[in-house]
Amino acid sequence: TSNDVKNAIKSLYATNFYGQIEIEPFEDQYGTSLLIKVQENERINKIIIKGNKKIKEKEILDSLKTQTGEFLSEYSRFKIMNEIKDYYHKKGFLNVELSDSVGEADEDNSVNLYYQVKENESVRIKKIEIFGNFKMTDNKIKSLMKTKEKAFLQEGLYKEEEFEEDKKTILNAIMDNGYPDATLDSTVFNYSYDNKFMYINIYVTQNERFIFGDVSFAGNTVADKRDIERRVAFKKNAPYSKTLMDKTIAAIYEYYMDRGYIHVNVRSEEDRAGSTMNVSLNITENNLAYINDIIISGNEKTEDHVVRREIISKPGEVFKRNDLVLSHTNLFRSGYYEDVQINPVPTDDMSKIDLTFTVKEKQTGEFNIGGQYNQVDGLTGNINIKISNLLGKGLTSELLLEKGAVLTNFRFGFTEPYLMGYPVVAGTELYYTTRDKVYYYDRRIGGALKSGFVVSDRLMTKFYATYKLEQVHT
């Protein structure tokens with residue numbers, strides 16, 4: 001039918017593969033058949049941006065959804081144009097002007113797509129006003145925003161992404177001042193006659209104000225009520241605040257997880273009595289969780305035991321959130337990793353979990369060559385080589401060579417942070433230094449032995465002692 005033909009043409013055009021489609025009926029042995037003739041669109045070889053000064057071309061191209069190799073159509077040209085405009089608007093260039101053109105097709109039927117950009121001056125924010133906030137001043141709210149008015153040392157640029165975050169910040173600030181039902185109704189943008197300045201009006205509705213009332217707890221059979229009360233972040237008769245409610249619940253979770261109750265569940269119920277918000281915290285403690293296994297991954301160079309020795313948690317022990325925090329700190333403090341991820345993995349036994357430590361190693365070798373000048377030693381060249389994770393065993397070795405007209409300095413140091421697998425530091429340093437001047441000669445040959453041990457893993461405290469022996473010739 002004619003409708004089927006129309007729908008077929010629409011479907012073919014919707015693919016953006018074809019720029020021209022013709023359907024011709026003809027008679028054959030089967031009756032009336034249709035011959036469909038299509039002209040395929042060119043493909044996009046390159047998208048080239050010209051005239052951009054404030055924003056790099058790569059940054060613009062990375063923001064586009066349309067990529068090279070796709071079919072070019074009027075719709076895709078329009079889409080790319082809008083995407084470039086939207087990106088400039090997000091960066092505060094609301095007066096940007098764009099034009100596009102298509103290059104000649106090559107033998108592969110591919111074309112370059114050119115966009116000429118005229119960035120113009122970015123719009124500056126002249127004034128931000130907030131309407132409907134009767135208990136918080138505009139200045140108080142604006143101090144929390146990333147979007148700022150044009151002022152001394154403030155650019156006053158409008159950036160869409162930051163303003164979207166600011167709208168959430170404004171609403172949260174009002175809600176935290178006792179208005180849990182507050183709404184941000186609308187934002188209105190007005191411009192100066194020359195489009196150089198922007199005026200932003202933000203309209204909010206506060207609705208009814210509430211204060212905190214009584215707090216009750218249920219289900220806490222393991223934890224003492226006074227311990228939980230100390231985790232409550234708000235006081236009675238204070239303005240209701242969702243942030244303080246969330247902070248309270250998070251503190252209770254931390255309290256239980258520091259004691260092995262990883263499956264704890266805390267639910268809050270709020271009862272409105274007039275302008276008072278009474279809060280009930282219902283706790284389901286569930287069972288203790290024990291560590292079944294600790295799995296190390298991502299360490300291509302570093303040996304497993306070097307990672308494992310920094311982990312305070314051990315298999316068979318009760319899971320403790322604080323031990324994971326300290327283990328995470330220890331691994332970062334070693335200086336061998338640029339990222340550390342810790343993930344609890346459930347097992348078939350609900351009372352046991354596995355802990356996966358995924359590390360991303362970083363370059364731990366350093367090579368520096370340079371020179372310096374001072375009045376004492378004159379001009380001196382130096383080479384410094386330091387390896388902080390030697391052979392993947394966590395050993396540290398350092399070599400320093402300095403040579404100048406007056407100064408000769410050689411130093412070599414070696415440190416084992418876990419002697420024979422125990423948390424005992426053992427290190428040595430050897431050095432040879434001479435300063436030779438017309439009126440003065442000094443030569444020092446010596447070495448030092450350093451040892452230390454961990455006083456407390458949880459307090460991250462170590463004790464060191466050094467014995468130094470030096471021979472001086474003058």
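Salt-bridge formation is not detected for the pair Asp166/Lys146: no Lys NZ or Arg NE/NH1/NH2 atom is positioned less than 4.0 Å from an Asp or Glu carboxylate oxygen. Between Lys168 and Glu165, none of the side-chain N atoms (NZ, or NE/NH1/NH2) sits under 4.0 Å from a carboxylate O, so this pair counts as no salt bridge. At a threshold of 4.0 Å, the pair Arg321-Asp258 counts as salt-bridged, since one of the basic side-chain nitrogens sits closer than that to a carboxylate oxygen. A salt bridge links Glu59 with Lys91: the closest approach of a Lys/Arg side-chain nitrogen to an acidic carboxylate oxygen falls below 4.0 angstrom. Residues Asp214 and Lys236 are paired through a salt bridge, judged by an N-O separation under 4.0 Å between the basic side chain and the carboxylate. At a threshold of 4.0 Å, the pair Arg411-Glu398 does not count as salt-bridged, since none of the basic side-chain nitrogens sits closer than that to a carboxylate oxygen.
Between Tyr158 and Val123 the shortest side-chain heavy-atom distance does not fall below 4.5 Å. Side-chain contact between Asn177 and Ile174 is absent, with no heavy-atom pair separated by less than 4.5 Å. In this structure, the side chains of Ile295 and Phe357 stay at 4.5 Å or more apart for every pair of heavy atoms. Lys127 places none of its side-chain heavy atoms less than 4.5 Å from the side chain of Ile200. In this structure the side chain of Arg124 reaches within 4.5 angstrom of the side chain of Leu157, judged on heavy atoms. In this structure, the side chains of Ile49 and Leu61 come closer than 4.5 Å at one or more pairs of heavy atoms. Lys159 places none of its side-chain heavy atoms less than 4.5 Å from the side chain of Thr147. The closest side-chain heavy-atom distance from Leu281 to Ser216 is not below 4.5 Å.
Two rings, from Phe332 and His328, have their centers less than 6.0 Å apart. For Phe189 and Phe163, the gap between ring centers is short of 6.0 Å.
Without hydrogens or angle criteria, Asn45 side chain to Val111 main chain gives no donor-acceptor distance under 3.5 Å. The main-chain N or O of Ile128 is found under 3.5 Å from a side-chain atom of Glu149 such that the two form a donor-acceptor pair. At least one donor-acceptor pair closer than 3.5 Å links the side chain of Glu285 to the backbone N or O of Thr221. Side chain of His305 to backbone of Lys393: no donor-acceptor contact under 3.5 angstrom is found. A donor-acceptor pair under 3.5 Å is absent between the side-chain atoms of Asn265 and the main chain of Thr284, judged by distance alone. In this structure, Thr347 contributes its side chain and Asp349 its backbone to a donor-acceptor pair below 3.5 Å. No donor-acceptor pair under 3.5 Å is formed between the side chain of Glu119 and the backbone N or O of Asn52. Side chain of Glu361 to main chain of Glu338: no donor-acceptor pair is present (N/O by atom type, distance under 3.5 Å, no hydrogens or angles). A distance-only check finds a donor-acceptor pair linking the side chain of Asp176 to the backbone of Lys242 [under 3.5 Å]. Of the possible donor and acceptor atoms, one in the side chain of Lys148 sits under 3.5 Å from a partner among the backbone N and O of Lys142.
For the pair Arg272 and Phe210, the cation-pi test (distance below 6.0 Å, angle within 45°) is passed. For the pair Lys126 and Phe197, the cation-pi test (distance below 6.0 Å, angle within 45°) is passed.
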- prompt: Could you walk me through whether Asn282 and Glu269 pass the side chain to side chain donor-acceptor pair (under 3.5 Å) check?
  reply: CA-CA 8 Å; Asn282 301 309; Glu269 294 181 4; 3.2 Å; yes
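In terms of the side-chain contact (heavy atoms from CB on, under 4.5 Å) criterion, residue partners of Ser275 (sequence neighbours excluded) are, by chain and number, Glu208. Remark: Lys468 pairs with Tyr431, Ala448, Glu470 by the side-chain contact (heavy atoms from CB on, under 4.5 Å) rule, at least two apart or across chains. With sequence neighbours excluded, no residue forms a salt bridge (charged side-chain N to carboxylate O under 4.0 Å, His left out) with Arg309.
In summary, the side chains of Tyr199 and Glu129 do not present any donor paired with an acceptor at a separation below 3.5 Å, with no hydrogens or angles considered. Counting only N and O atoms by type, the side chains of Asp185 and Thr183 include a donor and acceptor under 3.5 Å apart. Side chains of Gln116 and Asp100: no donor on one and acceptor on the other come within 3.5 Å. Side-chain contact annotation: Tyr255 with Asp227, donor-acceptor N/O pair under 3.5 Å present. A side-chain donor-acceptor contact under 3.5 Å links Asn389 and Thr302. Of the N and O atoms on the side chains of Glu97 and Asn95, not one donor lies less than 3.5 Å from an acceptor on the other residue.
Aromatic ring pairs are classed by plane angle as parallel below 30°, tilted from 30° to 60° and perpendicular above 60°; the pair Phe453 and Phe463 is tilted. Classified by interplanar angle (parallel below 30°, tilted 30° to 60°, perpendicular above 60°), the ring pair Tyr203/Phe131 is parallel.
Other residues, nucleotides and ligands contribute at most 12 non-hydrogen atoms within 6.0 Å of the NZ atom of Lys58.
Taking all atoms of both residues into account, the shortest heavy-atom contact from Leu72 to Ile44 is CB-CG1, 3.9 Å.
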